[in-house]
Amino acid sequence: MSGGADLVGEEVSAAGYAETVRGRGAIAFIMLRDGTGHIQAFAKRDNMKEATFEALQSATRESTIQVTGTVAQKRPPKTKEGEPAPPAEYEITVSSATILSSAAAPLPVGVTDDVKVGLDIRLDNRYLDLRRAHVNAMFQLRSKVLQYGRDHLISEGFNEMNSPKIIASASEGGTNLFPMMYFDTPAFLSQSPQLYKQLAVLGGLERVFEIGPAFRAEKHDTYRHLNEFISFDIEGAWMNDEDVMCVQERMIHHIWTEVAANDQHLIDVINEYKTSQDEDLVTVDVPELPFPRISYCDAIEIVKNGGGEIEWGDDIESHHCDIIAAEHSGFHFLPRWPMAMKPFYIYHNEAEKGTTGGQLSRGFDLNYGRDEMTSGGQREHRVDVLEQNLRNMDLNPEDFTFYTDGFRYGAPPHAGWGLGVARLLMVLTGAGNVREVVLFPRDRSRVTP
RNA sequence: GCCCCGAUGGUGUAGUGGCCUAUCAUGUAGCCCUGUCGAGGCUACGACCCGGGUUCAAAUCCCGGUCGGGGCGCCA
């Protein structure tokens, strides 16, 4: 709906949401909006049926309207003395119109109102919230991020797969699962595609990825957690932890590069809103490769030196991450965690010990600033070690035969990771809450819409 | 699960015991003007989360509930 000089005098039809309806008496201005932009429809009482004009003039905001008429150059606005005339704009002089669907008034969430709306109200009315330009831009960006990530993994030879979301038993342990009934059998919603990715690799697919939902029945209530989230997961045969970290940083680098090259207009829309809210603007700074690697042992030292209370073997908590983020504000990997803190399927090399002699693993995290984006690692492919790990973690190997049996017939060393899509988007869009970048988030207290 | 905070028109807010018949913006409805363009001017409409309690008097203080926000834990 932009331009128009070459269309002047042509008859056209256009449909969209009525963003504003102005004018009384014999004229009306309707600003129509669709996915491509805005166009003003100019209606004169004398130019159409009386009923049509009345319907247009009294149309409520956000009603969908189709107009037919001729393209004309707008009359230029009055400008102050000495100011240059603005560039020519075009409009449709309406000859006929149809109200396709009338919007109720008032709107629960104003689409163009200069009033800040709370997140909860916005999420209750997401279909209207999504009509706001910056919100729409964020979800277009989300689509792009998924596309670029997928493109990149395919370019590195990964096969897209889908794993079951209804599972019979916990796939990792640790987190709480949502129980459900699968006909007459108790079952759960999957917390991760982890074990199934591995089974696919063992079966010879070699390099797989999945973009799919994961469910966690944890009663967390923070800006970065949801109970249903989409994760970007990969698994690759003949790879170790360092290999898949490289895959990941190349993928993120590719996503940022492509967004910077193709989607700056979406970032601009987001920044226009941020400007109006006095918020910091976002910039698409393509991160340098390689990302810093800060081993767990080094991270402990950084936290200690920064005044944090922590000992080797402790988890690196959010307030510790703040200390690390002061030195490494962007993306950074945290490899080589203690084996005792990692799940049973993570690989360890008996020769690799930490500064206090504890067994290290080949598990790693990727953080951006204080926030964890990823966890991943090289996987244990030796079935006897796998079963010993299960016993060490008070899990019964008998319960995991559906998984461990896959390792009895020759297993390639392999590695992989899972990346929270929404968390990556928070970084890219500067969103302060994961709910901003999830269309219909599921959290502790929200199951609708 | 733990700690802290909050709930006022459709939306965002002001208000900390009587000045509240509750502020402002936005909205909605209407009028005026009008080829507006973030249009403008005028008028009207519309709210103190629920239940107890304290007090002569409660939007305001106390208790409980509900809902929401922030932080932590846990994680992606």
Side-chain angles (χ1 to χ4, degrees), chain A residues 19-31 38-44 57-58 60-62 72-79 86 89-91 93 103-125 128-129 132 172 174-176 191-194 211-233 248 272 276-277 315-322 341 343 365-368 370-376 417-427 432-435 438 443-446:
Chain A
E19 196 160 283
T20 57
V21 181
R22 282 194 286 266
R24 288 288 173 267
I27 57 174
F29 304 96
I30 297 104
M31 186 60 80
H38 295 78
I39 184 84
Q40 176 167 283
F42 173 57
K44 242 179 178 163
Q57 193 171 61
S58 60
T60 47
R61 296 195 305 167
E62 294 303 313
Q73 187 171 335
K74 275 191 192 179
R75 294 201 185 173
K78 294 161 197 155
T79 49
E89 292 186 61
Y90 301 88
E91 65 182 3
T93 306
L107 299 166
V109 172
V111 172
T112 55
D113 296 0
D114 193 21
V115 173
K116 193 172 191 169
V117 184
L119 184 56
D120 206 47
I121 298 287
R122 290 172 47 204
L123 292 177
D124 284 341
N125 300 279
L128 278 174
D129 183 49
R132 305 203 297 164
E172 294 186 26
T175 194
N176 290 315
Q191 64 167 131
S192 160
Q194 180 57 38
I211 305 170
F215 305 89
R216 310 256 165 111
E218 297 289 345
K219 292 183 177 176
H220 33 46
D221 203 1
T222 76
Y223 68 90
R224 63 190 183 279
H225 288 96
L226 292 174
N227 295 292
E228 176 181 348
F229 63 94
I230 302 298
S231 97
F232 228 123
D233 264 271
Q248 179 156 69
E272 199 175 316
S276 76
Q277 298 298 309
D315 196 9
I316 300 176
E317 296 171 352
S318 289
H319 55 284
H320 300 134
C321 289
D322 288 331
M341 301 173 62
D365 283 357
L366 174 75
N367 279 29
Y368 182 92
R370 78 188 305 256
D371 293 319
E372 184 177 337
M373 301 279 124
T374 289
S375 106
W417 42 256
L419 167 67
V421 170
R423 289 190 179 178
L424 198 60
L425 271 150
M426 285 175 73
V427 174
N433 192 313
V434 73
R435 292 161 182 78
V438 175
D443 63 28
R444 190 174 180 171
S445 57
R446 179 177 289 281

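So that the names make sense, note that chain A is the first sequence line, chain B the second, and so on, each numbered from 1. All values derive from a computational prediction rather than experimental measurement.
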OP1 or OP2 of B:rA76 versus the side-chain N and O atoms of A:S375: is any pair under 4.0 Å? yes
Given atom NE2 of A:H225 and atom P of B:rG1, what is their separation to the nearest angstrom? 16 Å
Nucleotide N/O to protein N/O under 3.5 Å, stretch nucleotides 64-69 of chain B:
| residue | atom | partner | partner atom | Å |
| --- | --- | --- | --- | --- |
| B:rG68 | OP1 | A:S445 | OG | 3.3 |

Are the side chains of A:D371 and A:M373 in touch, meaning some heavy atoms are under 4.5 Å apart? yes
A:H319 side-chain N/O to B:rG71 phosphate OP1/OP2 under 4.0 Å: no
B:rG27 and B:rG64, which share atom name C1', separated by this distance in whole Å: 36 Å
Find the partner of B:rU36: check Watson-Crick (N1-N3 plus N6-O4 or O6-N4) and G-U wobble (N1-O2, O6-N3) distances, both under 3.5 Å, and reply none if neither fits. none
Applying the 3.5 Å cut-off to both distances, the Watson-Crick or G-U partner of B:rC31 turns out to be B:rG41
Using the P atom as the reference point in each nucleotide, state the distance between B:rG6 and B:rC74 in Å, no decimals. 28 Å
Without swapping roles, check the side chain of A:R446 against the backbone of A:D120 for a donor-acceptor pair under 3.5 Å. yes
Tell me if the CD atom of A:E272 is crowded by more than 12 foreign heavy atoms within 6.0 Å. no
State the pairing partner of B:rC72; accept Watson-Crick or G-U wobble contacts with both distances under 3.5 Å, and report none otherwise. B:rG1
Heavy atoms only, 4.0 Å cut-off, all strands: where does A:F232 land among base, sugar-phosphate and nothing? nothing
For A:K219, report the nucleic acid contact type (base, sugar-phosphate, nothing); a contact means any heavy atom under 4.0 Å. base
Just by distance, no angles: are the side chains of A:T222 and A:R444 close enough, under 3.5 Å, to form a donor-acceptor pair? no
Check every strand shown and say whether A:S318 touches a base, only sugar-phosphate, or nothing at a heavy-atom separation below 4.0 Å. sugar-phosphate
What is the separation between atom CD on A:E218 and atom P on B:rA76, rounded to the nearest whole Å? 10 Å
How about A:L119 and A:R435: do any of their side-chain heavy atoms sit closer than 4.5 Å? yes
Winner on side-chain proximity to A:D315, out of B:rC74, B:rA76, B:rG12, is B:rC74
For the P atoms, the ones on B:rC31 and on B:rG51, what distance do you get once it is rounded to whole angstrom? 40 Å
If pairing requires Watson-Crick or G-U wobble contacts with both distances under 3.5 Å, which nucleotide is the partner of B:rG51? B:rC63
Could you state the interatomic distance from OG1 (A:T60) to CG (A:L107), rounded to the nearest 0.5 Å? 7.5 Å
Side-chain atoms of A:F29 come closest, of B:rA25, B:rG73, B:rU36, to B:rU36
Can you tell me the base-pairing partner of B:rG12? Count Watson-Crick or G-U wobble geometry only, both distances below 3.5 Å, and say none if there is no partner. B:rC24
Mind checking A:E317 for me? I need base, sugar-phosphate or nothing, with any heavy atom below 4.0 Å counting as a touch. sugar-phosphate
Span that lies between the C1' atom of B:rU43 and that of B:rG38, in whole angstrom: 23 Å
Checking only heavy atoms, does the side chain of A:K74 share a donor-acceptor pair with the base of B:rC37 at less than 3.5 Å? yes
Filtered N/O pairs between nucleotides 28-33 of chain B and protein, under 3.5 Å:
| residue | atom | partner | partner atom | Å |
| --- | --- | --- | --- | --- |
| B:rU28 | OP1 | A:R61 | NE | 2.9 |

To the nearest angstrom, the CZ-P distance between A:R370 and B:rG70 comes to 13 Å
Mind checking the CD-CG spacing from A:E228 to A:D443? Nearest 0.5 Å is all I need. 11.5 Å
When the distance from OH of A:Y223 to P of B:rA76 is rounded to whole Å, what number comes out? 15 Å
Could you write out each protein N or O paired with an N or O of nucleotides 45-48 of chain B at a distance under 3.5 Å?
none

Got a donor-acceptor contact below 3.5 angstrom from the A:Q191 side chain to the A:A217 backbone? no
Distance in Å, A:Q194 CD paired with A:D233 CG, rounded so as to fall on 0.5 Å steps: 7.0 Å
Rounded off to whole Å, could you give me the CD-to-C1' distance for the A:E19 and B:rU26 pair? 15 Å
Of the listed nucleotides B:rG73, B:rU11, B:rG10, the one nearest the side chain of A:D113: B:rG10
Measure from CG on A:D124 to C1' on B:rG10 and round the result to the nearest Å. 13 Å
Separation of the P atoms in B:rA29 and B:rG46, to the nearest angstrom: 15 Å
State, yes or no, whether a side-chain contact exists between A:I30 and A:T20 at a heavy-atom distance under 4.5 Å. no
When you compare B:rC61 with B:rG15, how far apart are their P atoms, in angstrom units rounded to a whole number? 13 Å
Output yes when at least one side-chain N/O atom of A:R22 is less than 4.0 Å from OP1 or OP2 of B:rA39, else no. yes
Roughly, in whole Å, what's the span from CD1 in A:I27 to C1' in B:rA39? 11 Å
Hey, does A:L226 have a side-chain heavy atom less than 4.5 Å from the side chain of A:V438? yes
Just how far, in rounded Å, is P of B:rC37 from CD of A:Q73? 17 Å
Counting any heavy atom closer than 4.0 Å, what does A:V109 reach on the DNA or RNA strands: base, sugar-phosphate only, or nothing? nothing
For atom P, what is the distance between B:rA14 and B:rG53, given to the nearest Å? 30 Å
Under 4.0 angstrom, heavy atoms only, what part of the nucleic acid is A:R122 near: base, sugar-phosphate, or nothing? nothing
Supply the atom-to-atom distance A:K74 NZ to A:E89 CD, rounded to the nearest 0.5 angstrom. 4.0 Å
Working to the nearest 0.5 Å, report the span between CD of A:Q40 and OG1 of A:T93. 9.5 Å
Under a 3.5 Å cutoff, is there a donor and acceptor pairing between the side chains of A:E19 and A:H38? yes
With nearest nucleotide decided by heavy atoms, which residue, A:Q57 or A:D322, maps closer to the 5′ end of RNA chain B? A:Q57
Look up atom SG in A:C321 and atom CG in A:D365, then write down how far apart they are to the nearest 0.5 Å. 8.5 Å
Given RNA chain B, 5'-ward residue of the pair A:G418 and A:A26, judged by closest heavy atom: A:A26
Distance, P atom - from B:rG69 to B:rU28, rounded to whole angstrom: 27 Å
